[in-house]
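All values reported here derive from a predicted model rather than from experimental measurement.
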Amino acid sequence: MDREFEFEKPVAELEKALDKLRQSADKGDPRIAAQIAELDKTCEERKREIYDGLTPWQTVQVARHPRRPVLYDYIGMMFTDFVELHGDRCYGDDRALIGGFATLDGCKLMLIGHSKGKNVEENVRRNFGMARPEGYRKAMRLMHLAERFNIPVLTFIDTAGAYPGLDAEQRGQAEAIARNLTEMATLEVPIVSVVTGEGGSGGALGIGVADAVLMLSNAVYSVISPEGCASILWRDAAYSPQAAESLKITAKSLLSLGVIDEIIKEPAGGAHSNHEAAAQSIKAAVLRQFEKLLAVAPDKLKAKRFDKFSAMGKFTK
């Protein structure tokens, strides 16, 4: 696998040596087989060591990795019977935020998530996962549909933020997101949200008011991008690494602050290195959360959700 980042170079060198040994080895020689096994083990350990020690800015880079799984990847690996539903019944159908009925290991649910593409053409068609107001209104329509059928809601968050264009503002971007925050708080079915890549600002929170908020270990979740923060505070995007450190946007920081409820460990080398392993880890975590939440009465569920988000933002002198 080609390595994208400077911090991955030690792994790239090990993988190159491993590939060379595999290609030139006499497969019947037990000594060579032992060398391959040992080098493979060393490579996995080095990957784990590097990824466990990423800086916040390096984590941002991994969260944006071009080979990181997107929503349609997870749909294919985790769900059965996915039926996509379209339109907000007001303006149009936003391809940046999709949703529909799905089944997860026998659990029927409403799946909603930001939808990035796998190449430039797809990303353009899906607006790079940056939803317009009709996307958030569609998401809310589907959540109310889930409530009507008494099935839980699962959202996948992966966006740089809500689309900031003039057309989105003219159609009420802020109102659409604000309404989602209000109505998700009182939804009478369980909601689980998973931040799989970037969780950017109100664009993420518009489908993130959940009973349980989970994050992949190399995902980020923030009120603003590091580049945006650096441009405001330092007038220079070169300060993005410092901004990423100050914003506390990594899963470990957010768990310690009580903003999220669980970190889903990614495979060694990141989710982009093993899509299937990442999907299975998410599946196990989501099913575990739903098992707990489905046993809670609606009134108690809403009260606990309100208390959870009301408790955020406290500080001591």
Side-chain angles (χ1 to χ4, degrees), residues 68-119 121-159 162 176-177 179-180 183-184 187-197 203-204 206-214 275-276 278-291 293-294 298 301:
R68 198 168 176 86
V70 297
L71 180 56
Y72 271 105
D73 292 322
Y74 289 121
I75 289 172
M77 292 183 290
M78 293 174 57
F79 302 94
T80 56
D81 308 319
F82 176 64
V83 179
E84 186 176 352
L85 302 175
H86 299 273
D88 67 342
R89 304 298 186 266
C90 180
Y91 180 83
D93 186 40
D94 190 345
R95 304 302 300 154
L97 207 162
I98 66 170
F101 292 109
T103 304
L104 179 65
D105 199 26
C107 177
K108 296 186 183 299
L109 50 82
M110 182 65 75
L111 175 65
I112 299 166
H114 297 104
S115 180
K116 290 182 177 179
K118 301 289 284 184
N119 52 50
E121 292 77 14
E122 256 187 69
N123 268 316
V124 169
R125 188 163 67 90
R126 299 186 181 281
N127 203 35
F128 295 85
M130 295 187 292
R132 293 177 168 86
E134 50 270 26
Y136 292 102
R137 290 176 180 134
K138 173 171 66 174
M140 200 66 252
R141 180 177 77 82
L142 299 186
M143 290 183 203
H144 284 307
L145 192 61
E147 190 175 43
R148 186 186 306 171
F149 288 104
N150 195 31
I151 60 173
V153 174
L154 174 61
T155 71
F156 276 53
I157 295 170
D158 186 14
T159 182
I177 292 173
R179 184 175 294 274
N180 278 25
E183 296 190 16
M184 286 184 78
L187 210 68
E188 295 193 344
V189 293
I191 312 169
V192 173
S193 293
V194 184
V195 185
T196 59
I207 58 169
V209 181
D211 302 294
V213 180
L214 319 181
H275 289 196
E276 186 63 39
Q280 290 309 310
S281 295
I282 293 172
K283 180 178 178 180
V286 167
L287 288 171
R288 185 168 59 250
Q289 292 291 343
F290 276 140
E291 185 178 6
L293 293 169
L294 286 167
L301 194 71

Problem - Residues Leu287, Leu104; criterion side-chain contact (heavy atoms from CB on, under 4.5 Å); working and verdict - result: CA-CA 8 Å; Leu287 288 171; Leu104 179 65; 3.9 Å; yes
Exercise for the section: Take Met110 and Leu145 through the side-chain contact (heavy atoms from CB on, under 4.5 Å) test and state the conclusion after the steps. Expected result: CA-CA 8 Å; Met110 182 65 75; Leu145 192 61; 4.1 Å; yes
Problem - Verdict with reasoning, Glu122 to Arg95, per side-chain contact (heavy atoms from CB on, under 4.5 Å) - result: CA-CA 10 Å; Glu122 256 187 69; Arg95 304 302 300 154; over 6 Å; no
Problem - Derivation of the side-chain contact (heavy atoms from CB on, under 4.5 Å) call for Val286 and Lys283 - result: CA-CA 5 Å; Val286 167; Lys283 180 178 178 180; over 6 Å; no
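Shortest non-hydrogen contact noted between His86 and Arg89 is O-NH1, 2.8 Å. Residues Ala139 and Asn180 share a closest heavy-atom pair of CB-ND2, 4.3 Å. The two residues Ala102 and Phe82 make their nearest non-hydrogen contact at CB-CD1, 3.9 Å. Heavy-atom minimum distance, Ala146 versus Val153: CB-CG2, 3.7 Å.
Judged purely by atom type and a 3.5 angstrom limit, Ser193 uses its side chain to pair as donor or acceptor with the backbone of Ile207. Between the Asp211 side chain and the Ile191 main chain, a donor and an acceptor come within less than 3.5 Å of each other. Listed for the Asn127 side chain is no donor-acceptor partner under 3.5 Å among the backbone atoms of Gly129. Between the side chain of Tyr136 and the backbone N or O of Gly203, at least one donor-acceptor pair lies under 3.5 Å. Remark: the backbone N or O of Gly87 is paired with a side-chain donor or acceptor of Arg141 at under 3.5 angstrom. With Asp73 contributing its side chain and Val70 its backbone, the two residues share a donor-acceptor pair below 3.5 Å. Although no hydrogens or angles enter the test, the distance criterion places a donor-acceptor pair under 3.5 Å between the side chain of Glu147 and the main chain of Glu188.
Of the inter-residue distances, the one linking Ser115 atom OG with Glu84 atom CD reads 7.5 Å to the nearest 0.5 angstrom. Note that CG of Leu154 is 9.0 Å distant from CD1 of Ile282, once rounded to the nearest 0.5 Å. Taking CE of Met78 as the reference point, atom CG of Leu111 lies at 8.0 Å (rounded to 0.5 Å).
Screening Arg68, Lys116, His114 against Asp158 for a side-chain hydrogen bond (donor to acceptor under 3.5 Å, both in side chains) leaves a single residue, Lys116. Looking at Leu214, Val195, Thr196 one by one, the single match for side chain to side chain contact (heavy atoms under 4.5 Å, CB included) with Ile157 turns out to be Val195.
Contact check for Leu187 versus Glu183: no side-chain heavy atoms found under the 4.5 Å cut-off. The side-chain heavy atoms of Leu85 and Leu142, taken from C-beta on, include a pair separated by under 4.5 Å. Counting heavy atoms from C-beta outward, Cys107 and Asp105 have side chains that stay 4.5 Å or more apart. Counting only heavy atoms from C-beta outward, the side chains of Val194 and Thr155 never approach each other to under 4.5 Å. Contact annotation: the side chain of Leu97 approaches that of Ile112 to within less than 4.5 Å [non-hydrogen atoms, C-beta and beyond]. The side-chain heavy atoms of Ile151 and Phe101, taken from C-beta on, include a pair separated by under 4.5 Å. Counting only heavy atoms from C-beta outward, the side chains of Ile98 and Ile75 approach each other to under 4.5 Å. By the 4.5 Å heavy-atom criterion applied to side chains, Val189 and Pro298 are not counted as neighbours.
By the 6.0 Å contact criterion, CZ on Arg179 is open, its count of non-hydrogen atoms from other residues, nucleotides or ligands being 12 or less. Taking a 6.0 Å sphere around NZ of Lys108, one finds it holds 12 or fewer heavy atoms contributed by other residues, nucleotides or ligands.
Taking 4.0 Å as the cut-off between side-chain N and carboxylate O, Glu121 and Arg126 do not count as a salt-bridged pair. A salt bridge links Asp93 with Lys138; the closest basic N to acidic carboxylate O contact falls under 4.0 Å.
Centroid-to-centroid, the aromatic rings of Phe156 and Tyr74 come within less than 6.0 Å.
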